[in-house]
Protein chains: 2
Amino acid sequence: MSSSNLEQVTKEVEKMEVNPAAVEKKEKAPKEKKNNPRALKTPKGTQDYNPSQMTIREQVFDTIKQVFKRHGAVTIETPVFELKDTLTGKYGEDSKLIYDLADQGGEICSLRYDLTVPFARYVAMNRVQNIKRYHIARVYRRDNPVMTKGRFREFYQCDFDIAGEYDVMVPDAECLRIICEILDQVKVGKYVIKLNHRKLLDAIFAICGVPADKFRTICSAVDKLDKSPWDEVRKEMVEVKGLDGAIADKIEEFVKLSGPPFELLEKLRTSGMCDSNKDAVDALAQLETLFGYLEALGCTERILFDLSLARGLDYYTGIIYEAVLTQQDRVGSIAAGGRYDGLVGMYGKKDVPAVGFSIGIERIFTILEEEYTKNKLKIRENQTQVYVVQMDKELLKDRLKICSELWNAGINAEFAYKVNPKVAPQLNSANESLTPLTILIGKTEIETNTLSVKNMKDSKQISIPRENFTEKIKELLNNLN
Amino acid sequence: MSSSNLEQVTKEVEKMEVNPAAVEKKEKAPKEKKNNPRALKTPKGTQDYNPSQMTIREQVFDTIKQVFKRHGAVTIETPVFELKDTLTGKYGEDSKLIYDLADQGGEICSLRYDLTVPFARYVAMNRVQNIKRYHIARVYRRDNPVMTKGRFREFYQCDFDIAGEYDVMVPDAECLRIICEILDQVKVGKYVIKLNHRKLLDAIFAICGVPADKFRTICSAVDKLDKSPWDEVRKEMVEVKGLDGAIADKIEEFVKLSGPPFELLEKLRTSGMCDSNKDAVDALAQLETLFGYLEALGCTERILFDLSLARGLDYYTGIIYEAVLTQQDRVGSIAAGGRYDGLVGMYGKKDVPAVGFSIGIERIFTILEEEYTKNKLKIRENQTQVYVVQMDKELLKDRLKICSELWNAGINAEFAYKVNPKVAPQLNSANESLTPLTILIGKTEIETNTLSVKNMKDSKQISIPRENFTEKIKELLNNLN
């Protein structure tokens with residue numbers, strides 16, 4: 001997906017309520033700086049993530065990676081900074097949001113602004129003919145941060161792209177299927193994927209009589225229809241962009257149309273609205289092909305063919321799409337992408353066509369964190385399976401031996417870092433971390449060469465032989481799952 | 001572990017053959033810059049990682065994380081840049097290697113140089129009382145890169161630390177056990193963990209008659225014994241650092257001693273070498289405690305009690321250790337750490353004692369990559385389990401349906417992005433990516449409502465019913481493992 005559009009996704013995903021044309025301001029240096037040479041804070045717009053937050057993040061990462069791998073994707077890594085020249089001229093007005101590294105001699109570099117430009121640079125530089133890759137990593141924007149609304153200067157992007165020469169709409173269809181799998185699995189609630197075709201949109205502009213040199217600017221205006229009513233968008237077209245009012249009214253007839261894929265396709269055909277334009281007819285044929293594939297992939301009911309979807313800026317060359325949440329309390333974009341056949345060619349000698357998307361992963365984190373808070377769910381920060389508790393004095397080495405055997409058997413185990421800990425704090429530790437089993441060891445257990453094992457959920461306690469006890473523990477853990 | 005020592009580990013791990021006192025030079029701007037505004041390269045000292053490299057990296061990450069989780073560890077994330085003030089005064093002369101962000105208004109920031117300073121800042125800032133955390137992330141140093149020797153400006157560090165007030169040597173022992181588990185599991189070959197106690201070393205200096213204000217500088221000299229012979233180190237002590245020759249000779253009597261933990265401990269005690277100094281006696285008692293725990297943890301045979309281990313700079317306050325590879329072709333440090341009870345207190349009001357280590361993960365990657373190359377092993381970049389092959393024309397939608405069912409069942413599946421692909425390239429794709437099974441579908445299969453399944457290893461082919469075929473595929477995949 002194109003950098004500009006990716007950037008737009010992020011804005012939509014993360015910054016719904018913030019003026020997108022945030023102007024760079026000279027920030028005041030923080031007050032404490034002079035008084036305290038080691039101000040205890042993270043830089044503006046950044047934050048630490050504690051073990052609870054990391055647990056949710058890792059769960060989401062794992063789920064998403066599993067879906068990508070299910071589709072045979074590989075991953076790559078690129079440096080966190082690029083030559084400044086690699087980024088220059090890619091982000092238009094938003095270039096002012098790029099973080100530059102200081103000139104300390106040598107190359108001038110900037111922190112990556114998204115993952116798409118590095119991907120295009122990678123494909124071109126390594127002369128990659130085809131690749132199906134995902135990349136989950138942090139990007140950097142000197143934007144005006146609104147931490148409470150999840151708008152950061154350092155945040156994760158989660159990109160998937162298929163680059164290579166293939167038959168029309170085949171990889172595109174798989175991308176849409178992957179979005180569905182991911183959104184279903186991360187459980188962010190109901191959503192719909194709005195879909196349009198950049199060539200159809202241009203053809204519609206031509207049919208309505210928009211001059212060719214105004215296609216992109218009118219396209220940007222249409223892109224605002226998800227946030228502004230038609231009247232405002234029409235006003236922008238006519239008053240700001242100098243479009244003839246009658247042409248704008250014709251555009252309205254198209255962009256108000258949306259519906260189930262095959263239904264709207266049929267409507268456009270029977271109405272003859274597009275018959276006069278070959279590009280429109282071609283785009284509709286491509287969409288019919290796509291919808292057929294999506295039907296075979298079992299995801300047409302998630303798709304809304306929507307002629308008002310424009311997806312901002314210049315790079316898209318084929319289908320464009322945007323997944324939006326539809327639950328009442330969770331509006332906004334959660335994933336977006338499309339086909340961009342010209343971007344890699346901007347870096348290398350050869351064009352490599354590509355299609356892909358970006359998942360609004362920070363938005364997903366926020367939703368899931370809210371779920372945990374709302375439902376008062378406790379997050380398990382560690383994955384300890386057994387806590388080894390000492391019931392009498394001077395048994396630390398026995399605990400160490402028991403833990404060693406557990407670790408050797410691949411069982412996650414912890415113990416208290418005290419020589420003679422009290423029993424209650426040990427059980428509390430196990431309880432607080434939701435550890436399912438405790439092994440209790442005291443004089444009795446030592447004398448009888450046994451171990452007591454307590455299920456922390458039902459408090460049932462059993463005695464097992466000390467010898468080869470890890471087999472029994474594994475069995476008990478398996479029964480818990 | 002302390003930043004200085006961490007930095008040292010990295011140097012030893014990654015830069016064995018490079019002059020450690022590399023001086024910052026003004027770099028020439030790359031030539032192509034003026035001619036080609038989009039120079040196709042990554043910044044100096046950085047590189048892309050391709051899918052093969054990422055596969056090895058992810059395997060190592062997964063193995064190491066699994067060990068950390070086995071010990072109940074949690075993880076945190078901190079920003080990739082910190083306020084410059086947070087880093088200032090932490091790295092001595094090497095501060096010149098810190099990457100600064102450009103002053104674009106507002107706070108002055110720098111890229112993180114290691115993970116220890118951010119950890120200490122995190123613990124102090126969030127008033128953490130105790131935490132057992134790992135952190136695997138990239139750090140940045142404007143050092144002179146030697147790419148062929150694995151010396152980069154952007155590289156991974158892999159840190160584990162236990163912070164909190166606990167009984168003497170208990171968490172320290174677990175750290176050593178974790179290092180053993182990791183090095184055993186990542187299969188980097190034979191290694192030994194050299195171990196010493198910072199307080200014992202200082203006591204030895206006192207016993208030998210080193211003036212107290214020369215302890216640290218003499219300690220740095222001793223630290224060079226792993227690379228330089230005694231004569232050179234003695235020369236430095238006497239000629240550069242002004243130590244009395246007789247005192248240096250006494251030091252030699254100590255630092256030439258190394259051996260199995262209990263054996264050397266016994267030798268030091270029976271010889272009476274340390275009896276005159278209370279700190280030495282205390283340190284030996286602590287070490288005896290540690291060795292007892294290590295015995296219970298089953299890892300004494302990996303430990304070499306070595307009085308010449310000094311571990312560089314100032315922050316360590318207790319045991320220090322360094323794992324070194326002992327195979328002939330693989331010398332050098334692979335992990336190192338120790339106890340540092342004063343570092344967190346430099347950021348917060350309260351000291352939080354801590355012990356930890358850093359794994360030389362880039363070194364591990366290099367070793368494993370060399371193993372793959374040497375043994376001509378093919379790296380599986382993706383995890384595709386089934387490739388769905390079309391044998392006759394016009395069966396794309398059938399393939400899509402089959403793939404959908406596989407994906408729904410959680411099976412990793414791929415197909416060719418062509419409407420009518422030839423059979424050979426499809427089978428080649430499956431072979432090249434080492435995909436274990438192919439599903440073959442042609443007219444015959446459609447007519448008989450069956451699927452042909454081919455085991456790509458032994459080329460055996462069977463026919464299975466189309467209905468509920470994913471169950472049978474799961475069974476076949478299970479039998480392969």
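By convention in this document, chain letters (A, B, ...) are assigned in the order of the sequence lines, proteins followed by strands, and residues within each chain are numbered from 1. Everything quoted here is computed from the prediction, not taken from an experiment. FYI, side chains are in, hydrogens and waters are out, and symmetry mates aren't considered; it's all heavy atoms of this structure.
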Are [X] and [Y] close enough for a salt bridge, meaning some N to O gap below 4.0 Å?
X       : Y       : value
K401(A) : E405(A) : no
K44(A)  : E107(B) : no
R57(B)  : E77(A)  : no

Segment of [X] engaging chain B (4.5 angstrom heavy-atom cut-off):
X       : answer
V80(A)  : both
A124(A) : both
K132(A) : side chain
E174(A) : side chain
N126(A) : side chain
I98(A)  : backbone

What part of [X] gets within 4.5 angstrom of chain A, counting heavy atoms only: side chain, backbone, both, or neither?
X       : result
E165(B) : backbone
Q47(B)  : backbone
Y387(B) : neither
E381(B) : both
Q53(B)  : neither
I411(B) : backbone
R399(B) : neither

Quick one: which of [options] has the most heavy-atom pairs under 4.5 Å with chain A, could you say?
options                            : value
N412(B), I76(B), D398(B)           : N412(B)
I162(B), I131(B), V386(B), N420(B) : I162(B)
N382(B), V128(B), L406(B), T55(B)  : N382(B)
L297(B), L111(B), T78(B), V67(B)   : L297(B)
Q383(B), K69(B), R177(B), E295(B)  : R177(B)

Heavy-atom closest pair (L40(B) atom, G348(A) atom, distance to 0.1 Å) is CD1-CA, 4.5 Å

Considering all heavy atoms, the nearest M125(B)-K41(A) contact:
SD-CA, 3.6 Å

On the six-membered ring of F119(A), is R133(A) placed so that its NZ or CZ lies under 6.0 angstrom from the centre and within 45° of the ring axis?
yes

Against chain B, work out which of [options] has the most heavy-atom pairs shorter than 4.5 Å and name it.
options                           : result
P171(A), C109(A), P43(A), C403(A) : P43(A)
G298(A), S52(A), S433(A), G410(A) : G410(A)
E58(A), M169(A), Q385(A), K84(A)  : E58(A)
D184(A), N130(A), N408(A)         : N408(A)
L396(A), V419(A), V170(A)         : V170(A)

Tell me if the aromatic rings of F61(B) and F68(B) count as close, with their centers under 6.0 Å from one another.
no

Scan side-chain atoms only and decide if E414(B) and T384(B) contain a donor-acceptor pair under the 3.5 Å cut-off.
yes

Strictly distance-based, threshold 3.5 Å: is any side-chain N or O of [X] a donor or acceptor partner for the main-chain N or O of [Y]?
X       : Y       : value
T75(A)  : Y134(A) : yes
W407(A) : A413(A) : yes
R141(B) : F152(B) : no
R121(B) : E82(B)  : no
Y347(A) : Y122(A) : no

Taking atom CZ of R380(A) as the centre, does the number of heavy atoms from other residues, nucleotides or ligands within less than 6.0 Å exceed 12?
yes

